[in-house]
Undergrad: 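Take this structure first; my questions come after.
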Amino acid sequence: MGLLDNKKAIIFGVANEKSIAWAIAQALHKEGAELAFTYAGEVIKERVTPLAESIGSKLILPCDVSKDNEIDAVFNKIKEKWEGLDILVHSIAFANKEELKGLYADTSREGFRLAMDVSAYSLVALAKRAYPLMEGRSGSIITMTYLGSERVIPNYNVMGVAKAALEASVRYLASDLGQKKIKVNAISAGPIRTLAAMGIGGFREILGVVEQKSPLKRNVTTEDVAKTALYLCSDLSSGVTGEIIYVDAGYNIVGM
Ligand code: 0WD
């Protein structure tokens with residue numbers, strides 16, 4: 001018997017086998033959840049399809065989260081195939097590469113809009129379509145954030161500001177959806193070498209600092225994050241909502 005037997009979960013944000021979302025998908029699958037995946041663009045489709053199929057997923061759908069019509073199509077399909085939904089994993093962020101180096105003070109209006117739209121508003125856009133499908137099912141929505149939302153991390157820039165908006169959205173969504181018995185939480189992960197992370201200037205240096213200074217004296221893995229995701233998506237976290245949970249080897253508590 002698994003923790004998530006008979007649960008239906010949709011995963012947004014698998015780009016390849018190194019993605020945090022992929023480790024989460026595997027953990028949810030292992031505990032019995034049935035999974036749907038989305039991808040943005042044909043290149044990602046080719047990477048996601050074999051991964052999704054390897055764990056028996058039959059629903060692999062296109063979705064650029066900056067397009068409402070694509071989001072609508074995904075949730076219409078979920079309604080048609082599954083009728084309801086128990087778990088939504090949002091593991092998506094994007095900013096133009098030139099915004100992730102140099103000065104935050106040089107952020108462009110369009111760069112700010114794009115980072116906010118894809119990295120923060122997208123959670124709201126997905127939650128808006130998910131909650132009617134979660135009615136009466138004790139749903140769980142999770143998203144991924146980073147310490148750059150509350151402290152200045154060199155080069156993280158506009159993404160830090162987008163993550164602050166994302167974390168505030170977690171609290172507002174948790175408040176709205178609590179009466180429908182839906183939990184909304186975020187995991188604040190330590191740095192992990194993924195496609196998205198490699199776009200951040202000086203990322204290798206950040207990994208080195210965490211290894212040296214964090215209480216556990218190591219970096220975290222996608223499996224570390226996936227275990228907390230499993231907790232948040234299952235009944236083990238039945239009394240937890242609106243939280244930002246750190247999976248960062250304790251780095252966030254360190255002052256010096
Ligand atoms: O150190 C890290 N890797 C951390 C990541 C530390 C703390 C938090 N995070 C967050 C990221 O900010 C993101 O929200 O975790 C989430 C997942 O990121 P990841 O697993 O590190 O990176 P990746 O494997 O690249 O997945 C993010 C994916 C995109 O990948 P690419 O590399 O193609 O940009 O987000 C998806 C895409 O698959 N994505 C979109 N999906 C739909 N519509 C869009 C979009 N417009 N843009 C990006």
Side-chain angles (χ1 to χ4, degrees), residues 11-16 18-24 65 89-104 107 111-112 114-124 126 141-174 184-216 218-229 231-232 242-255:
I11 317 280
F12 292 82
V14 178
N16 61 27
K18 295 201 167 104
S19 296
I20 294 171
W22 174 237
I24 295 174
V65 294
V89 176
H90 172 278
S91 186
I92 287 173
F94 185 80
N96 287 325
K97 214 170 169 184
E98 60 267 26
E99 312 284 1
L100 297 173
K101 59 182 182 205
L103 304 185
Y104 175 64
T107 303
F112 188 97
L114 180 65
M116 278 288 182
D117 186 17
V118 176
S119 315
Y121 178 71
S122 62
L123 176 68
V124 185
L126 299 185
I141 297 175
I142 64 166
T143 185
M144 299 300 313
T145 188
Y146 179 58
L147 185 64
S149 62
E150 52 187 307
R151 312 273 170 76
V152 174
I153 305 288
N155 301 313
Y156 203 60
N157 298 353
V158 73
M159 189 56 80
V161 175
K163 291 299 192 193
L166 180 73
E167 291 176 17
S169 294
V170 165
R171 291 185 284 272
Y172 277 92
L173 290 170
V184 186
N185 291 290
I187 296 174
S188 185
I192 301 174
R193 207 183 289 268
T194 60
L195 256 191
M198 295 325 277
I200 299 160
F203 185 74
R204 233 173 266 155
E205 200 184 320
I206 298 176
L207 286 172
V209 171
V210 171
E211 192 174 344
Q212 212 190 343
K213 302 282 186 190
S214 67
L216 295 180
R218 67 170 177 94
N219 278 289
V220 295
T221 63
T222 57
E223 289 75 25
D224 290 319
V225 176
K227 286 187 243 180
T228 293
Y231 154 75
L232 289 173
E243 292 294 335
I244 314 297
I245 301 202
Y246 296 91
V247 179
D248 68 345
Y251 182 75
N252 74 94
I253 68 165
V254 173

Undergrad: side-chain contact (heavy atoms from CB on, under 4.5 Å), that's the test. Do Y231 and I245 meet it? Break it down for me.
TA: CA-CA 11 Å; Y231 154 75; I245 301 202; 4.0 Å; yes
Undergrad: Would you mind reporting whether T221 and I192 have side-chain heavy atoms less than 4.5 Å apart?
TA: no
Undergrad: Looking at every heavy atom in both L100 and G199, which two are closest together, and how far apart are they?
TA: CB-O, 3.7 Å
Undergrad: So for atom CD, which belongs to E205, do other residues, nucleotides or ligands contribute more than 12 heavy atoms lying within a distance under 6.0 Å?
TA: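 Atom CD in E205 is not crowded, with 12 or fewer foreign heavy atoms closer than 6.0 Å.
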Undergrad: Verify, without hydrogens or angle tests, whether N96 (side chain) and G111 (backbone) share a donor-acceptor contact under 3.5 angstrom.
TA: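 No; zero donor-acceptor contacts below 3.5 Å.
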Undergrad: List the atom of P191, the atom of I206, and the distance in Å for their closest heavy-atom pair.
TA: CG-CG2, 3.8 Å
Undergrad: Other residues, nucleotides and ligands only: do more than 12 of their heavy atoms fall within 6.0 Å of CZ on R218?
TA: yes
Undergrad: Which heavy atom in V220 sits nearest to a heavy atom in D224, and how many Å separate them?
TA: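 So the two residues come closest at CA-OD2, 3.4 Å.
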Undergrad: Evaluate the side-chain contact (heavy atoms from CB on, under 4.5 Å) criterion for residues T222 and W22: first the C-alpha distance (whole Å), next the side-chain angles of each, then the deciding distance (0.1 Å), finally the verdict.
TA: CA-CA 8 Å; T222 57; W22 174 237; over 6 Å; no
Undergrad: Between V170 and A186, what is the shortest heavy-atom contact and its length?
TA: CG2-CB, 4.0 Å
Undergrad: Working to the nearest 0.5 angstrom, can you tell me the gap between K163 NZ and S119 OG?
TA: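 Here the rounded value is 6.0 Å.
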Undergrad: Would you confirm whether N185, through its side chain, and T143, through its main-chain N or O, come within 3.5 Å as a donor-acceptor pair?
TA: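 Side chain of N185 to backbone of T143, a donor-acceptor pair under 3.5 Å: no, none is there.
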Undergrad: In the structure I gave you, are the side-chain heavy atoms of I253 and P215 within less than 4.5 Å of one another anywhere?
TA: yes
Undergrad: How many angstroms lie between CD1 in I244 and OG in S149, if you round to the nearest 0.5 Å?
TA: 7.5 Å
Undergrad: Between L173 and I141, does the side-chain contact (heavy atoms from CB on, under 4.5 Å) criterion hold? Intermediate values first, please.
TA: CA-CA 9 Å; L173 290 170; I141 297 175; 5.9 Å; no
Undergrad: As an exercise, state the distance from NZ of K101 to CG of N155, rounded to the nearest 0.5 Å.
TA: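 Atom-to-atom, K101:NZ and N155:CG are 9.5 Å apart.
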Undergrad: Can you tell me how far the CD atom of E243 sits from the CG atom of L232, to the nearest 0.5 Å?
TA: 9.5 Å
Undergrad: Tell me, do H90 and I11 make a side-chain contact under 4.5 Å, heavy atoms counted?
TA: no
Undergrad: Grab the two heavy atoms, one from A23 and one from A226, that are nearest each other, plus how far apart they are.
TA: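 Answer, listing the atom of A23 first, then A226: O-CB, 3.4 Å.
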Undergrad: Are the side chains of Y172 and V124 in touch, meaning some heavy atoms are under 4.5 Å apart?
TA: no
Undergrad: Is the closest side-chain heavy-atom distance between F12 and V89 below 4.5 Å?
TA: no
Undergrad: With side chains defined as the heavy atoms from C-beta onward, is the minimum distance between M198 and R193 less than 4.5 Å?
TA: yes
Undergrad: Can you measure from CE (M116) to OG (S122) and round to the nearest 0.5 angstrom?
TA: 11.5 Å
Undergrad: Hey, does the side chain of S19 reach the backbone of N16 with a donor-acceptor pair shorter than 3.5 angstrom?
TA: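 Looks like yes, one N/O pair under 3.5 Å.
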Undergrad: To the nearest 0.5 Å, tell me how far Y146 OH sits from R151 CZ.
TA: 10.5 Å
Undergrad: Do N157 and E99 have side chains that get closer than 4.5 Å, going by heavy atoms?
TA: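 The answer is no; the side chains never approach within 4.5 Å.
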Undergrad: For a quick test of reading the model, state the closest non-hydrogen atom pair linking F112 to V161 and the distance between them.
TA: CE1-CG1, 3.9 Å
Undergrad: Under a 4.5 Å cut-off applied to non-hydrogen side-chain atoms, are M144 and I92 in contact?
TA: no
